[in-house]
Amino acid sequence: ISICRDLPNIEVITFSVNGISDLEPLHQCQNLSELYLRRNNITSLDELFYLKALPRLRVLWLAENPCCGPDPHRYRMTVLRNLPSLQKLDNQAVTEEELSQALVDGVEITAPPARRSVENGWSESPASSTAGAARESRSELLSCSLDETNKTQEELDMKLVPRDKYSSFFPQETDCSHKKRNNVLNAILLLMKELDAEGLEIIQQTVARRLQALQKKELQEE
């Protein structure tokens, strides 16, 4: 997520299922309009402090994070009180009635979250560590990654990846390898939106050469 510090003009970010716990790198993304953070390790709603300065944020998906807590009403009201410009939260449209109610039932966040300092940087809170220990099954991880990748491709008007073909790309990879590969793929797809025609042509040529090299290697191995 630290790459976002170098992408102030990015408009859509898909970081679902990534083990993210810190939203500080997003506070400079002033053009951000859609942010997908479903199923991460965000333990405190105080992380919303970093999103309050984003004037164009209209869509946020934060469900299935520890910060949502046991009370869905209080969670939603707190998010809307701090981000009243949202039009959709967790894939559900925001109403004027909810925004009014949020002023009563929501908790206003006025400071960034406190973090415990350790030698190697920031340590996760116990709740975050516990959440991170509950790993998803391989099939569920593949499904989530495919859904997020296809959503990114759909936003870029690209052809979606068939589910049966996707699962056979790298059958010998571990869950961690799949996750890393899909994170890289999503990042590349999002960064492509920042390129002009000349930049896209360079990407196209590079990809073509890379494919030729891989095909040649496969033929030699056969």
Side-chain angles (χ1 to χ4, degrees), residues 1-5 7-116 122-132 134 136 140 144-145 147-148 151-152 154-155 183 186 190:
I1 193 174
S2 60
I3 192 176
C4 294
R5 294 191 181 98
L7 300 171
N9 296 320
I10 196 166
E11 298 178 5
V12 178
I13 294 178
T14 299
F15 277 151
S16 296
V17 198
N18 269 280
I20 290 171
S21 59
D22 175 14
L23 301 186
E24 185 276 333
L26 300 176
H27 81 284
Q28 294 181 350
C29 301
Q30 293 294 297
N31 289 331
L32 187 63
S33 62
E34 298 184 25
L35 177 59
Y36 301 91
L37 294 168
R38 176 180 53 82
R39 200 175 296 182
N40 278 285
N41 289 338
I42 301 170
T43 61
S44 172
L45 286 177
D46 288 345
E47 295 290 340
L48 295 175
F49 177 83
Y50 300 115
L51 306 183
K52 295 177 70 172
L54 306 181
R56 300 185 180 181
L57 187 62
R58 297 293 180 267
V59 177
L60 174 65
W61 199 327
L62 197 59
E64 300 177 75
N65 275 277
C67 65
C68 298
D71 187 343
H73 176 75
R74 183 179 177 84
Y75 151 72
R76 189 171 177 88
M77 292 296 99
T78 296
V79 174
L80 294 181
R81 175 163 184 173
N82 291 278
L83 302 174
S85 296
L86 288 180
Q87 297 175 355
K88 184 179 288 188
L89 172 61
D90 297 338
N91 206 31
Q92 182 178 343
V94 175
T95 66
E96 291 294 333
E97 291 77 10
E98 283 184 310
L99 292 176
S100 298
Q101 191 64 34
L103 296 175
V104 178
D105 296 345
V107 177
E108 184 174 5
I109 296 171
T110 59
R115 306 191 193 282
R116 293 184 296 130
W122 301 112
S123 68
E124 293 182 337
S125 66
S128 177
S129 299
T130 301
E136 298 167 308
E140 184 179 8
C144 292
S145 300
D147 291 340
E148 296 301 333
K151 179 171 181 57
T152 304
E154 185 177 0
E155 290 163 356
N183 290 346
N186 283 331
L190 289 170

Does [X] have any side chain to side chain donor-acceptor pair (under 3.5 Å) partners at least two apart in sequence or in another chain, and if so, which?
X	value
Asp105	His73, Gln101
Arg58	none
Arg5	Glu24

Not counting sequence neighbours, list each pair that qualifies as a side-chain hydrogen bond (donor to acceptor under 3.5 Å, both in side chains) and has a residue in residues 83-93.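 Applying side-chain hydrogen bond (donor to acceptor under 3.5 Å, both in side chains) to every pair that reaches into residues 83-93, excluding sequence neighbours, yields Tyr75-Asp90.
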Please tell me if the side chains of [X] and [Y] come closer than 4.5 Å, counting only heavy atoms from C-beta onward.
X	Y	result
Phe49	Asn82	no
Leu62	Leu45	yes
Leu23	Tyr50	yes
Glu47	Ile109	no
Ile1	Asp22	no

Any side-chain to backbone donor/acceptor pair from Thr14 onto Tyr36? Under 3.5 Å, distance only.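 Answer holds: no.
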Looking only at non-hydrogen atoms, find the nearest pair between [X] and [Y] and report the distance.
X	Y	result
Ala63	Cys68	CA-SG, 3.9 Å
Leu26	Cys4	CD2-SG, 3.6 Å
Pro55	Ala53	CD-O, 3.2 Å

Which distance, rounded to the nearest 0.5 Å, do you find between the [atom1] of [X] and the [atom2] of [Y]?
X	Y	atom1	atom2	result
Glu98	Leu86	CD	CG	10.5 Å
Ser21	Leu37	OG	CG	11.5 Å
Thr110	Lys52	OG1	NZ	7.0 Å
Met77	Ser100	CE	OG	10.0 Å
Asn41	Ile20	CG	CD1	9.5 Å
Leu60	Ser33	CG	OG	11.5 Å

We want to know whether Asn9 and Asn31 form a side-chain donor-acceptor pair, criterion being a heavy-atom distance below 3.5 angstrom.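 Present: a donor and an acceptor within the cut-off.
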Over 12 foreign heavy atoms within 6.0 Å of CG, Leu103: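 Count over threshold, so yes.
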Partners passing salt bridge (charged side-chain N to carboxylate O under 4.0 Å, His left out) against Glu97 (at least two apart in sequence or in another chain):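 Checked Glu97 against salt bridge (charged side-chain N to carboxylate O under 4.0 Å, His left out); zero matches.
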Set of residues satisfying salt bridge (charged side-chain N to carboxylate O under 4.0 Å, His left out) with respect to Glu64, sequence neighbours excluded: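 Glu64 satisfies salt bridge (charged side-chain N to carboxylate O under 4.0 Å, His left out) with Arg39 once adjacent residues are dropped.
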What pairs with [X] under side-chain contact (heavy atoms from CB on, under 4.5 Å), at least two apart in sequence or on another chain?
X	result
Pro72	none
Ser44	Asp46
Glu96	Leu99
Leu54	Gln30, Leu32, Leu51, Leu57

